[in-house]
Amino acid sequence: MRIISWNVNSVRLRVDNLARLASEWQPDVVCIQEVKAEAKDFPFEALKAIGFEHIHLRGMKGYNGVAVLSRLPLQKPGGENWCGKEDSRHAMVRLPGGIELHNFYIPAGGDIPDPDANDKFAHKLGFLDEATTWFAEGRRNGRKMILLGDLNIAPLETDVWSHKELLNVVSHTAIEVEKLKQLQASAKWVDAVRKIVPPAERLYSWWSYRAADWSASDRGRRLDHVWVTPALAGAVTGARVLKEARGWKMPSDHAPVIVDFS
DNA sequence: ATGGTGGCTTTGCCA
C-alpha cells in the first residue's frame, strides 16, 4: 500500500498535478491539505476520473481544508474540531485492514513566535496541546494508526536549511519542537520517513514561493510528516519526498511525501 | 533588516 501526504495549496488549481502524481506514482491513498474549497466547489468528478473513487472531504470556503482521496473504500469518515473552531484541519477515516488514518493541517502560526503577542502562534501551540491530550487519553492504545499531514513544524536540525538562522523563525522554534515531541509521545508515534531516511541526512518538503530560484537556493523545511503507531512501524518499507513535484508546472510550494507499507 | 510569490472570502488576509 502506498500512501501520500501533500499540501496542494488549492485543490482546484492542482487537479492536473494530482493526475500526474496518480499516474506516475500509483498511490492507493492521497491525503491533501490546504484544499481551500467547500464541497460545492470541490472537483469530486475530476478526482474520481483519476481513480480516486472514494473521497472524504472536510472543507471550507477559501482557507484550510483537508481531504482523503482513495482507490480503496473508506470507512467511518469523520474528523475533530480543535480549539473551538470549525476550520477543517482534521479528517479521519478507517482504511481496509482496520487502519485508522488521521490527516492534519496544523495552524502555521503567523510570523511572531510569541503566544502573548501573536494569537496565531497561541492557536498553533493550543492545537498541539489539544491533539496531544486527545491521543494520550488511551482509548486508542495499540491501534494501527497513521498520522500525517502538514504539521507546519520542522523538528530536526537537518529538517531546515539553516538550524541557526531559523531558531527564532516560526516552524523551527524550541517551543514548537517540544510540543511536536509531546504529540509524538502521545501514541508512541514513529516518524515513518526518518525510519527510512537517516536523521543525519537533510530532507525538506517545502520551499517558499518567494525565491528567485527555489532549487538553486534550496532553502527548504520539512513541514510535512507521516507518522505510524508501533503496531504499523514494521510494515513501513519505503519513504521519500517527491522533490521533483515542486518543479512541476503550476506547483504547490509543498512536495508530496510518499510512504510504502507491506 | 528587508522583501520576495501565490491563492483566495481579492485591492486585505493568509501562507
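The sequence lines fix the lettering, A, B, ..., with proteins before strands; numbering per chain opens at 1. All values derive from a computational prediction rather than experimental measurement.
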Could you tell me whether D213(A) atom CG has more than 12 heavy atoms of other residues or ligands within 6.0 Å of it?
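For D213(A), atom CG is crowded (more than 12 foreign heavy atoms under 6.0 Å).
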
Interatomic distance at [atom1], [N] relative to [M], whole Å:
N	M	atom1	result
dG3(B)	dT9(B)	P	28 Å
dG6(B)	dT2(B)	P	23 Å
dC14(B)	dT10(B)	P	14 Å
dA1(B)	dG7(B)	C1'	27 Å

Shortest side-chain distance from [X], nucleotide among [options]:
X	options	value
S10(A)	dT9(B), dG7(B), dA15(B)	dG7(B)
R12(A)	dT9(B), dG7(B), dT5(B)	dT9(B)
Y209(A)	dT5(B), dC8(B), dA15(B)	dT5(B)
A108(A)	dT9(B), dA15(B), dT5(B)	dA15(B)

Under a 4.0 Å threshold between the charged nitrogen and the carboxylate oxygen, would R222(A) count as salt-bridged to D191(A)?
yes

Lys/Arg N to Asp/Glu carboxylate O, K179(A) vs D129(A), below 4.0 Å
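Yes, charged N to carboxylate O under 4.0 Å.
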
[X] [atom1] to [N] [atom2], straight-line distance once rounded to whole Å:
X	N	atom1	atom2	answer
N64(A)	dC13(B)	CG	C1'	12 Å
E165(A)	dT2(B)	CD	C1'	14 Å
D150(A)	dA15(B)	CG	C1'	10 Å
Q33(A)	dG7(B)	CD	C1'	16 Å
D253(A)	dA15(B)	CG	P	12 Å
H254(A)	dG7(B)	NE2	C1'	12 Å
K124(A)	dC14(B)	NZ	P	15 Å
D41(A)	dC8(B)	CG	P	10 Å

OP1 or OP2 of dC14(B) versus the side-chain N and O atoms of K120(A): is any pair under 4.0 Å?
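Result: yes.
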
Under 4.0 angstrom between R14(A) side-chain N/O and dG7(B) OP1 or OP2
yes

Going by distance alone, is a donor N or O of one side chain under 3.5 Å from an acceptor N or O of the other, for N17(A) and W248(A)?
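Side chains of N17(A) and W248(A): no pair found under 3.5 Å.
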
Let me spell it out: for each of N7(A) and Y63(A), pick the nucleotide of DNA chain B with the closest heavy atom. Which residue's pick is nearer the 5' end?
Y63(A)

Would you mind writing out the side-chain donor-acceptor pairs for residues 27-55 of chain A within the sub-3.5 Å range, not counting sequence neighbours?
from	atom 1	to	atom 2	distance (Å)
D28(A)	OD2	R2(A)	N	2.8
Q33(A)	OE1	N7(A)	N	3.1
Q33(A)	NE2	S5(A)	OG	3.2
Q33(A)	NE2	C31(A)	O	3.3
Q33(A)	NE2	N103(A)	OD1	2.8
E34(A)	OE2	N7(A)	ND2	3.1
E34(A)	OE2	Y105(A)	OH	3.4
K36(A)	NZ	N9(A)	OD1	2.9

